[in-house]
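Along the sequence shown, residues carry numbers from 1.
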Amino acid sequence: MALKNYEIVMVFSLSNGEDAVEALKTKFTDLISKNGTLGEVETWGKRRLAYNQHH
């Protein structure tokens, strides 16, 4: 049986600081590594999200 590959994108708030973001990133990559095989990890850095705000 062939293993399936999955892709995940995580978006974190910077409201608690960049150290908190690094801690969350480490937490999730460790969790994935313990339960599967972690492939490539790309850090995209800070991005402004586009959204429509309805009043």
Side-chain angles (χ1 to χ4, degrees):
M1 184 162 128
L3 296 177
K4 293 183 179 183
N5 292 319
Y6 296 92
E7 184 174 321
I8 184 169
V9 175
M10 290 184 257
V11 178
F12 300 112
S13 170
L14 289 172
S15 63
N16 292 323
E18 291 191 37
D19 290 341
V21 170
E22 280 302 314
L24 282 171
K25 181 179 158 188
T26 299
K27 175 183 176 178
F28 285 108
T29 56
D30 288 350
L31 180 67
I32 294 167
S33 294
K34 288 178 185 174
N35 294 286
T37 302
L38 184 63
E40 183 179 351
V41 176
E42 293 180 26
T43 301
W44 294 356
K46 295 179 192 178
R47 305 287 173 155
R48 181 172 299 279
L49 298 179
Y51 63 94
N52 289 325
Q53 192 174 29
H54 298 283
H55 297 278

What's the verdict on side-chain contact (heavy atoms from CB on, under 4.5 Å) for V11 and R47, showing C-alpha distance, side-chain angles and the deciding distance?
CA-CA 10 Å; V11 178; R47 305 287 173 155; over 6 Å; no
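- Note that the NZ atom of K27 and the CD atom of E22 stand 15.0 Å from one another [nearest 0.5 Å].
- Side-chain heavy atoms closer than 4.5 Å link hydrophobic residues (I, L, V, M, F, W, Y) into clusters, and following such links, possibly through other members, connects V21 to M10.
- Between the side chain of S13 and the backbone N or O of S15, at least one donor-acceptor pair lies under 3.5 Å.
- How far OG1 of T26 is from CG of L31: 12.5 Å, rounded to the nearest 0.5 Å.
- In terms of the salt bridge (charged side-chain N to carboxylate O under 4.0 Å, His left out) criterion, residue partners of K46 (sequence neighbours excluded) are, by chain and number, E18.
- In the displayed structure, D19 atom CG is contacted under 6.0 Å by at most 12 heavy atoms of other residues, nucleotides or ligands.
- A continuous path of hydrophobic side-chain contacts links I32 to V41 [ILVMFWY only; heavy atoms under 4.5 Å].
- There is a path of hydrophobic side-chain contacts, each under 4.5 Å, that joins L24 to I8.
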